[in-house]
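Take a look at the structure below.
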Amino acid sequence: MSENEKAMKPEDITRLFVERANAGDAAGLAALYEEEAVMAYPPGSVTVGREAIRQLWEKVLANAPRFEPEEPLPTLVCGDIALTSTPPKDGAGARAQVVRRQADGSWQRIIDQPEFRPPTS
């Protein structure tokens, strides 16, 4: 795992994600996830495991996208599990992540829904 700064609060993950993505650091992004994390991306798909998430981010970051910081909504914490979310600036509808406190006190994502929209009828 990359020797990057760890998220010591659930809300830190959003900031660290933007910093690492804009630096093109796929390994650093993957380090924000637990080993068996699940990510609902690309849309309509599920990516499972830190290594698969790293590979996915390598492909995405190859196009040098620019990520903008998003103000986190209030975090819901229940013991060692927390729900974080942000209202996206890119119109993706919503972003939500479930994170878990690690043995060292840091937090990592276990479930990541980076974009979803309300159902249309």
Side-chain angles (χ1 to χ4, degrees):
M1 194 159 92
S2 180
E3 290 299 321
N4 291 304
E5 175 186 353
K6 293 183 177 184
M8 297 312 291
K9 301 182 302 194
E11 300 84 0
D12 290 343
I13 294 177
T14 299
R15 174 184 56 82
L16 294 171
F17 178 91
V18 171
E19 289 172 6
R20 294 172 190 183
N22 288 338
D25 183 3
L29 287 176
L32 297 173
Y33 295 83
E34 281 193 5
E35 196 64 45
E36 300 301 321
V38 176
M39 181 176 164
Y41 194 83
S45 301
V46 176
T47 303
V48 179
R50 183 184 294 142
E51 179 57 23
I53 290 169
R54 183 194 61 75
Q55 290 173 13
L56 172 70
W57 282 117
E58 279 183 355
K59 291 175 189 169
V60 171
L61 296 177
N63 297 316
R66 185 83 186 139
F67 291 82
E68 295 298 324
E70 297 171 342
E71 191 65 33
L73 296 171
T75 299
L76 299 174
V77 179
C78 181
D80 290 336
I81 302 289
L83 174 67
T84 63
S85 57
T86 58
K89 292 182 178 180
D90 65 4
R95 300 188 206 292
Q97 303 82 32
V98 177
V99 299
R100 181 171 21 217
R101 188 184 336 256
Q102 306 299 299
D104 66 358
S106 67
W107 294 81
Q108 289 181 316
R109 288 179 174 169
I110 56 175
I111 300 172
D112 186 6
Q113 178 82 45
E115 57 184 56
F116 58 94
R117 299 174 196 280
T120 56
S121 326

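In what follows, every heavy atom counts, from backbone to side chain, and hydrogens, waters and symmetry copies are set aside. These numbers come from a predicted model, not from an experiment.
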Contacts of [X] that satisfy side chain to side chain contact (heavy atoms under 4.5 Å, CB included) - sequence neighbours left out:
X    : result
L73  : S85, P87
P74  : none
Q113 : A40, F116

How close do [X] and [Y] get, counting heavy atoms only, and between which atoms?
X   : Y    : result
P43 : E115 : CG-OE2, 3.3 Å
N4  : G28  : ND2-CA, 3.1 Å
A21 : L61  : O-CD2, 3.5 Å
A82 : V77  : CB-CG2, 3.9 Å

For [X], give me all partners under side-chain hydrogen bond (donor to acceptor under 3.5 Å, both in side chains), at least two apart in sequence or on another chain.
X    : answer
R101 : D80
R109 : Y33, D112
E19  : R15
T14  : none

*Mind checking who shares a hydrophobic cluster with M8, ILVMFWY linked at side-chain heavy-atom distances under 4.5 Å?*
none
*List, by chain and then residue number, the residues other than V48 in its hydrophobic cluster (Ile/Leu/Val/Met/Phe/Trp/Tyr, side-chain heavy atoms under 4.5 Å); write none if there are no others.*
V38, V46
*Does L29 offer a backbone N or O that forms a donor-acceptor pair with the side chain of R20 under 3.5 Å?*
no
*If we only count heavy atoms from C-beta on, is the T84 to P72 side-chain gap below 4.5 Å?*
no
*Are P42 and T47 close enough that some pair of their side-chain heavy atoms sits under 4.5 Å apart?*
yes
*Apply side-chain contact (heavy atoms from CB on, under 4.5 Å) to the pair Q108 and R50, showing each step before the final yes or no.*
CA-CA 11 Å; Q108 289 181 316; R50 183 184 294 142; 3.6 Å; yes
*Pair V99-I110, side-chain contact (heavy atoms from CB on, under 4.5 Å): steps then yes or no*: CA-CA 5 Å; V99 299; I110 56 175; 6.0 Å; no
hydrophobic_cluster_shared for [Y] and [X], side chain cutoff 4.5 Å:
X   : Y    : result
V98 : W107 : no
L83 : Y41  : no
I13 : I81  : no

*Might you work through the side-chain contact (heavy atoms from CB on, under 4.5 Å) test for E71 and T86, ending with a clear yes or no?*
CA-CA 6 Å; E71 191 65 33; T86 58; over 6 Å; no
_Point-to-point distance, once rounded to the nearest 0.5 Å, from CG of L56 to CE of M39_ = 5.0 Å
_Straight-line distance of L32 CG to I53 CD1, nearest 0.5 Å_ = 10.0 Å
*Sequence neighbours left out, what pairs pass side chain to side chain donor-acceptor pair (under 3.5 Å) with at least one residue falling in residues 59-68?*
none
*What residues form a ring-ring contact (aromatic ring centres under 6.0 Å, His included) with F67, not counting sequence neighbours?*
F17
*Are side-chain N/O atoms of Q102 and E34 paired as donor and acceptor at under 3.5 Å?*
yes
*Please name all residues satisfying salt bridge (charged side-chain N to carboxylate O under 4.0 Å, His left out) with R54, sequence neighbours left out, ordered by chain then number.*
E51, E58
